[in-house]
2 protein chains.
Amino acid sequence: MIRRLLLASALIAAPALAQRAAPPAPAPVDPKVAKLRDAALDDDIAWDIVEGMTTEVGQRLAATEAEARARTWAVAKLKTMGFKNVHVEEFQMPVWLRGTETAEIVAPFPQKLTLVALGNSGATPAQGITAPVVVFKGYGDLASAPAGSLAGKIAYIGNAMEPTQDGSSYGAFGAGRFVGPALAASKGAVATIIKSIGTDHHRNPHTGGTNWPQGVTPIPAAALSVPDAEQLERVAARGKPVTIHLTMTPRFAGQGTSGNVIAEVPGSDPKAGVVLIGGHLDSWDLGTGAIDDASGVAITAAAAKRIMDAGRPRRTIRVVWFGAEEPGGIGGKDYARVHGGERHAIATESDFGADRIWRFETNLSDSAAAVTGRLQSALAPLGIVKGSGVAGDGTDVGPTLALGVGAVDLNQSGLRYFDTHHTPDDVIDRIDKDQLRQNVAAWTTMLAIVADAPEEIGAVPPRR
Amino acid sequence: MIRRLLLASALIAAPALAQRAAPPAPAPVDPKVAKLRDAALDDDIAWDIVEGMTTEVGQRLAATEAEARARTWAVAKLKTMGFKNVHVEEFQMPVWLRGTETAEIVAPFPQKLTLVALGNSGATPAQGITAPVVVFKGYGDLASAPAGSLAGKIAYIGNAMEPTQDGSSYGAFGAGRFVGPALAASKGAVATIIKSIGTDHHRNPHTGGTNWPQGVTPIPAAALSVPDAEQLERVAARGKPVTIHLTMTPRFAGQGTSGNVIAEVPGSDPKAGVVLIGGHLDSWDLGTGAIDDASGVAITAAAAKRIMDAGRPRRTIRVVWFGAEEPGGIGGKDYARVHGGERHAIATESDFGADRIWRFETNLSDSAAAVTGRLQSALAPLGIVKGSGVAGDGTDVGPTLALGVGAVDLNQSGLRYFDTHHTPDDVIDRIDKDQLRQNVAAWTTMLAIVADAPEEIGAVPPRR
């Protein structure tokens with residue numbers, strides 16, 4: 001998921017229906033771009049990558065042997081596709097591994113609950129812990145709890161997340177996962193159980209990383225599926241004290257190796273700057289990482305291949321399948337460390353599933369202002385509108401963007417994304433082939449325009 | 001689920017649109033019946049029962065302490081509601097308990113699979129077994145496999161089940177579960193893994209009983225979730241041998257106690273026969289048994305209470321919350337053993353979820369032929385059509401029906417039922433309050449007409 005969504009807000013003013021001025025004449029669409037776009041609506045390359053990676057590799061937890069197998073798979077695939085300069089750039093990182101994770105309501109109504117550990121969760125003793133539960137309906141209620149009031153208790157944090165097309169409800173309600181466990185720990189809690197940061201009603205809990213500030217000792221932190229969380233709230237609403245037995249044995253396993261897989265479509269003008277695109281190769285370990293983010297690496301690589309096959313572009317297109325995004329964008333940081341000194345025209349990633357792109361936004365130097373108009377005309381037939389915000393999403397490209405690199409964001413619909421995000425249900429069944437093809441068409445269009453733009457695409461002030 | 005659906009077939013002839021004769025004049029609807037029906041569309045009683053049972057008891061596996069707690073809960077609830085003669089009729093039965101259940105593809109592409117043991121499954125050694133997999137796309141392919149050809153192998157049985165409104169696809173594709181494992185065992189298989197008998201695409205496998213004919217030693221038998229089954233098929237389609245490591249430790253735990261919970265609305269005419277209605281109290285252990293079958297016991301009890309509150313009916317309405325339906329209709333058999341000698345007017349159950357009733361059918365003595373017409377008129381405003389088949393569904397009422405008792409079936413839509421049936425997802429989230437109320441209205445209407453019918457409702461030839 002995209003870190004910058006945490007602070008995203010709706011910037012679109014509602015237009016009045018009456019008395020609208022005629023819009024300015026759209027920029028003409030280059031017939032070559034239109035042809036590439038329309039051909040991509042029949043794309044099978046992206047599906048082939050998603051199907052192959054999820055079938056032949058499966059889950060790809062960062063810095064594990066599964067992620068290493070994924071890198072091997074990726075290098076072979078990208079070479080077969082004809083990309084140049086295909087290689088891995090390794091880096092070291094802490095390894096976190098899931099263990100046992102079970103929970104039961106002991107009283108007043110004995111029953112099992114379905115939950116999963118959050119990434120970076122601490123562990124209980126092997127025999128588990130039994131403790132009373134304090135129910136907080138939301139993160140705000142936890143924040144108001146007095147210091148020390150959770151001593152010896154399990155904190156439960158609910159939320160009222162609903163789907164949003166722009167994904168902004170993830171940032172709005174995600175605090176319960178991102179920082180809730182640490183806050184509860186600071187108030188004495190022996191464990192934290194959150195309602196999944198998710199919008200489905202299936203018994204598939206949503207994992208995801210949680211953060212421990214310096215000085216806070218990790219406590220066990222887990223997510224209940226949405227139905228289990230609502231069940232716990234119903235049980236608690238009966239008014240009797242609720243006791244839970246919780247067993248969780250995840251562990252930190254020292255340092256391990258992850259890496260970014262890099263492939264290029266060499267451009268004819270090395271001075272025009274690199275067009276950096278990609279997604280992340282790692283996934284959480286519960287599903288097969290189909291929408292998060294096999295689809296993102298597949299969409300961007302498929303689009304780049306279509307441009308490559310149509311002839312040498314002006315700018316080099318660099319496809320990066322980042323490692324270790326989920327534990328905190330570690331691959332993206334390493335990329336910026338290694339490549340931040342190179343000239344980039346734009347940096348843009350796909351990490352929000354495979355549903356249709358509904359909006360695009362840009363952050364381009366004034367010298368490239370006309371590019372936005374050309375994108376608008378060429379993307380409109382795909383049902384894509386121009387947003388009024390400033391581009392700059394992306395955990396993996398974030399550290400590169402922060403150096404003053406331009407961006408073009410192609411925003412996928414988030415209406416279904418958080419039904420599946422970080423759950424066992426993140427499998428290929430969730431991907432709609434036609435919407436996946438629309439993504440490839442949009443990315444192909446974007447690359448055709450940006451990589452060949454005659455204008456200089458220079459440095460910009462980062463979005464923030 | 002309803003045993004008789006196994007052999008159900010579509011009996012409805014497609015009517016020509018042109019030149020249709022005017023239908024016969026509908027029977028008039030008794031205003032008292034209409035009033036009861038319409039009031040039931042605001043029912044909260046059924047929801048209260050489902051919410052209470054699933055929250056305060058949770059899963060209710062047959063012959064376990066959880067089912068015993070459910071009986072205690074049920075007796076208290078039915079007494080509070082004002083029913084008479086509330087009591088439990090216990091019986092003994094074999095107990096089967098779930099254990100560990102894990103599986104991984106070892107080769108060619110290592111990855112975990114999500115599965116659950118089928119009821120009555122045998123066990124592997126504690127350390128599991130590792131064996132090659134033979135993929136059968138359907139039960140028919142397994143049936144064609146030569147004797148002995150599965151020696152030392154794990155049989156996988158797929159299916160192509162799709163939703164059907166009348167639920168008939170369960171019977172059509174269920175053989176893979178009902179008898180597939182035993183057939184594979186007879187051909188030498190060391191374990192059987194089936195694709196869940198289900199119509200969803202979530203990673204929640206569907207459990208359910210499997211049968212071992214006399215002389216067949218149970219082997220481990222499990223169901224993969226639909227996405228996991230399709231994943232296994234994709235992996236196998238790559239053409240390399242597939243090896244699975246399977247660990248399953250369910251066990252038979254001797255004899256245990258189950259029981260039927262019985263409650264009555266006494267009638268004014270003891271000679272007119274009992275109207276037997278109900279559902280089953282036990283559930284599988286993965287979810288909380290909301291649609292299978294808290295909703296059935298709730299719908300029928302709510303309707304009976306509405307009739308009770310409107311004044312003494314002619315016939316006694318007996319509400320039975322059957323025990324141990326899932327392991328093979330054990331409660332229903334015990335009921336017929338104990339009560340088969342009593343005069344019953346009809347016997348009818350609700351065990352197909354909580355979605356709207358779309359059809360009704362009857363099997364009534366000629367003396368009561370007019371009852372069907374009155375049902376048709378009174379149920380039509382609820383969107384319910386008269387089917388052209390003969391009533392007689394129901395695992396629990398089956399043994400009573402077999403004695404020559406009449407039936408009125410109120411058929412719920414099965415279009416969503418097998419998305420959730422026997423999975424962890426069988427929780428209250430699946431129940432639509434308005435559709436639940438339509439069920440209560442239909443049952444209230446049926447009871448108002450049948451319990452008070454002035455006609456004799458006598459013995460019938462059973463459907464088969």
Side-chain angles (χ1 to χ4, degrees), chain A residues 50-61 64-66 69-70 73 98 100 102 104-105 107-114 200-205 225-238 240 242 285-290 419-420 423-431, chain B residues 50-61 64-66 69-70 73 98 100 102 104-105 107-114 200-205 225-238 240 283 285-290 419-420 423-431:
Chain A
V50 174
E51 199 265 359
M53 187 181 293
T54 59
T55 301
E56 298 174 12
V57 183
Q59 66 85 15
R60 307 172 293 281
L61 189 66
T64 66
E65 62 78 33
R69 274 190 282 117
W73 189 95
R98 190 175 300 284
T100 296
T102 63
E104 309 89 50
I105 297 176
F109 310 125
Q111 55 193 286
K112 289 185 184 174
L113 296 172
T114 301
D200 63 305
H201 281 262
H202 294 285
R203 293 188 73 197
N204 285 316
S225 81
V226 172
D228 285 87
E230 294 181 350
Q231 176 82 336
L232 177 60
E233 292 186 26
R234 271 191 299 273
V235 168
R238 286 342 199 223
K240 298 176 185 166
V242 179
D285 52 336
L286 303 174
T288 60
D419 287 356
T420 301
T423 73
D425 258 352
D426 181 4
V427 290
I428 199 165
D429 306 58
R430 296 289 87 71
I431 293 182
Chain B
V50 174
E51 198 266 359
M53 186 180 293
T54 57
T55 300
E56 298 175 11
V57 183
Q59 65 86 12
R60 307 172 293 284
L61 189 67
T64 66
E65 62 77 33
R69 276 190 281 117
W73 188 96
R98 189 175 301 282
T100 296
T102 62
E104 308 89 49
I105 297 177
F109 310 126
Q111 54 194 286
K112 288 185 185 176
L113 296 171
T114 300
D200 64 305
H201 281 263
H202 294 285
R203 294 188 71 198
N204 285 314
S225 81
V226 172
D228 285 271
E230 294 181 349
Q231 177 83 336
L232 178 59
E233 292 186 26
R234 271 190 299 272
V235 168
R238 283 349 197 220
K240 298 175 185 166
S283 74
D285 52 336
L286 302 175
T288 60
D419 287 356
T420 300
T423 72
D425 258 353
D426 181 3
V427 290
I428 199 166
D429 307 58
R430 296 289 89 69
I431 293 182

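Residue numbers start from 1 in every chain, and the chains themselves are labelled A, B, ... in the order their sequence lines are given, proteins ahead of strands. Just so we're clear, the structure is a prediction, and the values are computed from it rather than from any experiment.
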Qualifying residues under side chain to side chain donor-acceptor pair (under 3.5 Å), relative to [X], sequence neighbours excluded:
X: E56(B); answer: R238(A), W73(B)
X: D425(B); answer: H202(A), N204(B)
X: S225(A); answer: D228(A)

Practice task
Report the C-alpha separation of L286(B) and R203(A) in whole Å, then their side-chain angles, then the decisive distance to 0.1 Å, and conclude whether the side chain to side chain contact (heavy atoms under 4.5 Å, CB included) test is met.
Solution key: CA-CA 10 Å; L286(B) 302 175; R203(A) 293 188 73 197; 5.9 Å; no
Handout entry: Heavy-atom proximity to chain A below 4.5 Å, by part of V427(B)
Key = side chain
Problem - Portion of E51(B) that has a non-hydrogen atom of chain A nearer than 4.5 angstrom - result: both
Exercise for the section: Considering only heavy atoms and a distance below 4.5 Å, find which of P227(A), G58(A), G287(A), A66(A) pairs most often with chain B. Expected result: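 Top count of heavy-atom pairs under 4.5 Å with chain B: P227(A).
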Exercise for the section: Select all residues of residues 107-114 of chain B having any heavy atom within less than 4.5 Å of some heavy atom of chain A, and report them by number, or 'none'. Expected result: F109(B), P110(B), Q111(B)
Handout entry: Test item: R234(B) and T54(A) side chains (from C-beta on) under 4.5 Å apart, heavy atoms
Key =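 They are not in contact (no side-chain heavy atoms under 4.5 Å apart), so the answer is no.
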